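Below is one structure; the comments refer to it alone.
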Amino acid sequence: MALSPTEHKTIVVVDVAEFTRADRHVPHLFAVHEGLYGVLKAAFGGAGVELENCAIEDRGDGALILVPPTVSKSELADKLPDRLVAEIRRYNSTRVLAAQLKLRVGLHSGDIRKNAHGWVGPAVNLAFRLLDAEQAKAELRSSEGVIAMIASEHFYDEVIFQDPGSAPESYRRIDVSVKTFEGHAWLRLHGGGGSPVVARPAEVVASPPDADLLVRGLLTDDELKVLRGLLADVESSRLPVLVSRATRSVVPLPRLGSVWDAFVYLADINAGPDGVPPAIEFLELLTAELGDEDAAGLRTWVTQKVHTLRRTTAQLERQVARSALPAEPRLHLMIVIELDAIDESRCVLSFWRQDDPLEWPPVRGDVCELAVDELEQRIDDLIIEAEGVWSGQAVSVVLEFVVPRPLLQLPIFAWRKEYRSGDPRPLIYDYALTLRSLERMRSAHWHRLWRVRWDAALDDYSSLRRIYPYGLAETKENPIDAVLSESRWVGLVLDEPPSARPDPSAGPDALTAALRAGLPLVFWHPSACAEDLRALVTRLAGGEGGILGLPGRHRDAHLAATEDDLVRDLVVLLDDPNWTVALDGPGAPMSSGGQG
C-alpha cells in the first residue's frame, strides 16, 4: 500500500488537566468536554485562526489540532496563549469548581501523513509525549495558572525564541522522560493571579450548601436582594419544563417547590459551551411565560446580568434558536428492537428518552442484548427508570415501539409494567402506545414520500376516505403497490396480518407497498373479518385530533372495551416522520440483558 504524501502542519495538542479526578461526575465531565471546544474555538478565532479550517481529532479529554501552513507560526505562538487564558477565565467564571478547566497545550510542527484513520508521524508522537511531561503536570497542578504551554525544542528555537512578541523569556527548559522519549521541552505557566480556579477542598462536605452562599457565586449581594424581590410572588405551572430546558436535559431533574428553589438549584449547574449559566437561561425562559407587565422588571434584570457576564451575543443566539413552549407538551420514550442477525430468538434493545418536550432527538440510552421473550420485563425496567426522571413533570407521555417486521405480531398492546411490585399493570392504562416500522426508519430513501403523505394526512384526514380498504374484491385485480401510489391514500387496512417475511414470488406485498409509498398509517387484526375490521377502523379513524389524535382514541377505545371487544386486538401502525432517530448513531456501551 502506497504511503500518502507528507504535509507540513503546526501541531497543537491539548489535554484537560486532571480530567478524571474524583470530584468530576458525569454532568461535570460532559460540561468540561463541551466547554473545551467552546474555549478552543473562541481562542483560536481570537488568534486569527478559524478552527473549522484546521484538522481536528478528538482525544476524549483533549484534542489534536493541525493548523495549516498558511497560518503564521509566530503569530500563533504570540496570540494563542493569551486568548486561551482569557477564554478559560471566562468559562471558569460561570462554572462550579468540578467543571472548571486547566489545560496543558503542546506546540510542535513537522511533516506528517494522513491515512483512513487519522494523522500519523513522528512529529505527532513527539507532541503527545511532551504533553505528558510529569514536570508540566505537577507545576500546573500546584500553580494558580490555567494553562501550561509546552513547546518542543524545535518549535521554541525556530519560532518562539526568534520573536520577542512570543515572550520567550517566560519559558523554562524542562526535562522530559515519557515512554521511549528522553529529551527536553520549554514550559510556560500562564494565567496565574486573578484566575477564578481555586484549589480543591481536602474533603467533600456532605451537608447541603446554604442557598445564599450557593447563588453568591453567580450574583452579588445587591443582585441577590433585587432578584429575591422579583421572584417572591412568581409562580409557574410548567416549572419542570422550564428547568429542563435551561439545563438542556443533561442533569437529573429533582422535585422543585418554587421558582426560587429552581433558581437556587440551577445556580449550581455548569454553563454550556456558550457560557450562559442555566440559572440565567431559566430566568429568561420564565419571562416568556409571564405577562408583559409581570415580566418587565425581571427582563430588565436578566438583560443587565447577561451584559455583566459578557454573554449578550450568546444569549441573542439562543433567543433566535429558541422555540415556544407547546401548550400541551408531551414526552416520548422511543424503544427500538432489532433482531439478532444469527439467532432470531435474541434481539438488541435500545432507547431514546426525551426529558425536554422541545428537544429531539435525545441522546441514545443503553444498548443491551437479550432474549425476545425477556423484552416485556426489560422494557418495564426502562419505563420505571424513565418515570423516575420524569417525576417532577406534569406532562403526558407517548411510548413508541420501533419493531422489525418479524416481530410485528408481538402483543405490545397487552404488555404490562411494574412487574417487581407483584401486581403488574397494563401499559395502555397509563400511556398512548404507538407501533412503528424499523424497516421504514432505516430506509432513508423512503422518507421523502413518507413526509409528503404525512403532511397530506395532517391537512386532510377523515374516516375511511383516505384509508385504502385493501380487502375489497372489486379492487383485487390491481397490484397493491400501484394502487397505493395514488396520492390520495394516507392509510391502509390489511385484510390479514402481515407475514413475518413476504414471499416475492407471491406478488407485491401490501405492507411493503405501504411503507415504500410513504403511507404513515396501517391497520390489521389477527382474527376479525373484513367487515368487522373496517367497522373498527371507521370507529377509530375519525374524531378529534385527526391522525395525531389516533393513538389517544385507540387507547380510549381499548380502556372502554369489554373482554370480547375486537378493538382490544386491533393493531395500529402509525409512523410520524417528525420523530425519528439515527439508528446507527452512537450509544452507550453494549450490555448483557439476559441469558439465552
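All values below were derived from every heavy atom in this structure, side-chain atoms included, with hydrogens, water molecules and symmetry-related copies excluded. We're numbering straight along the sequence, starting at 1. Small disclaimer: the values here were computed from a predicted structure and weren't measured.
With S72 contributing its side chain and E75 its backbone, the two residues share a donor-acceptor pair below 3.5 Å. Side-chain atoms of Y156 come within 3.5 Å of backbone atoms of P168 as a donor-acceptor pair (strictly under, hydrogens ignored). In this structure a side-chain-to-backbone donor-acceptor pair under 3.5 Å is present from E57 to W119. Of the possible polar contacts, one joining the R24 side chain to the E18 backbone as a donor-acceptor pair under 3.5 Å is found. Listed for the Q162 side chain is a donor-acceptor partner under 3.5 Å among the backbone atoms of D157. No side-chain donor-acceptor contact under 3.5 Å links K305 to the backbone of I280. The closest donor-acceptor contact from the side chain of W450 to the backbone of H445 lies at 3.5 Å or more, if one exists at all.
In terms of heavy-atom proximity, P577 sits nearest to R436 at N-NH2, 4.5 Å. Scanning all heavy atoms of the two residues, the minimum distance from L131 to G106 falls at CD1-N, 3.6 Å. Considering all non-hydrogen atoms of both residues, R21 and A98 come closest at NH2-CA, 3.7 Å. Across all non-hydrogen atoms, the minimal contact from F282 to L266 is CB-CD1, 3.2 Å. The shortest non-hydrogen separation linking D163 to S74 is OD2-CB, 3.7 Å. Across every non-hydrogen atom of L40 and L84, the tightest pair is CD2-CD2, 4.1 Å.
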Pair L283-L230, side-chain contact (heavy atoms from CB on, under 4.5 Å): steps then yes or no = CA-CA 11 Å; L283 294 178; L230 290 171; over 6 Å; no
ask   = Under the side-chain contact (heavy atoms from CB on, under 4.5 Å) criterion, do Q100 and I88 qualify, and how do the steps go?
value = CA-CA 8 Å; Q100 292 179 0; I88 292 172; over 6 Å; no
key: Stepwise side-chain contact (heavy atoms from CB on, under 4.5 Å) check, V16 with L103   = CA-CA 5 Å; V16 176; L103 298 180; 3.9 Å; yes
ask   = Between V402 and M334, does a side-chain contact (heavy atoms from CB on, under 4.5 Å) hold up when you go through it step by step?
value = CA-CA 7 Å; V402 183; M334 180 181 288; 3.8 Å; yes
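Rounded to the nearest 0.5 angstrom, D132 CG and F181 CZ are separated by 12.0 Å. Note: K9 NZ to R113 CZ = 14.0 Å, rounded to the nearest 0.5 Å. Note that the CZ atom of R299 and the CG atom of L286 stand 10.5 Å from one another [nearest 0.5 Å]. Atom CZ of R83 and atom CD1 of I147 lie 11.5 Å apart (nearest 0.5 Å). Annotation: the span from K102 atom NZ to S143 atom OG amounts to 4.5 Å, rounded to 0.5 Å. For the atom pair CZ of R89 and CG of L101, the computed distance is 14.0 Å after rounding to the nearest 0.5 Å.
Using cut-offs of 30° and 60° on the angle between ring planes, the pair W301 and F263 is perpendicular.
Donor-acceptor pairing under 3.5 Å is recorded for the side chains of H33 and D58. Between the side chains of H184 and E153, not a single donor N or O lies within less than 3.5 Å of an accepting N or O. Under the 3.5 Å distance criterion, with hydrogens and angles disregarded, a donor-acceptor pair is assigned to the side chains of Q319 and E284.
Counting heavy atoms from C-beta outward, L298 and L227 have side chains that approach closer than 4.5 Å. Taking the side chain as every heavy atom from C-beta outward, T20 and D61 never approach each other to under 4.5 Å. Residues L76 and T10 meet the side-chain proximity criterion, which asks for heavy atoms closer than 4.5 Å. Within the 4.5 Å cutoff, the side chain of I150 has no heavy atoms near those of the V13 side chain. Side-chain atoms of Y91 and V146, non-hydrogen and from C-beta on, never get closer than 4.5 Å to each other. When side chains are defined from C-beta on, L583 counts as touching W352, because their heavy atoms get closer than 4.5 Å. In this structure, the side chains of R311 and R90 come closer than 4.5 Å at one or more pairs of heavy atoms. At a threshold of 4.5 Å between non-hydrogen side-chain atoms, the residues I337 and V348 do not count as touching.
With salt bridges taken as basic N to acidic carboxylate O contacts below 4.0 Å, none links K114 and E7. Between K41 and E52 there is a salt bridge, since a side-chain N of the basic residue sits under 4.0 Å from a carboxylate O of the acidic one.
The local environment of CZ in R448 is sparse, with at most 12 non-hydrogen atoms from other residues, nucleotides or ligands closer than 6.0 Å. Counting non-hydrogen atoms of other residues, nucleotides and ligands closer than 6.0 Å to NE2 of H447 gives a total above 12. With a 6.0 Å radius and a threshold of 12 heavy atoms from other residues, nucleotides or ligands, F19 has its CZ atom above the threshold.
With D15 as the partner, the salt bridge (charged side-chain N to carboxylate O under 4.0 Å, His left out) test is satisfied by one option alone out of K137, R104, R59: R104.
Between W186 and Y171, the ring center distance fails the sub-6.0 Å criterion.
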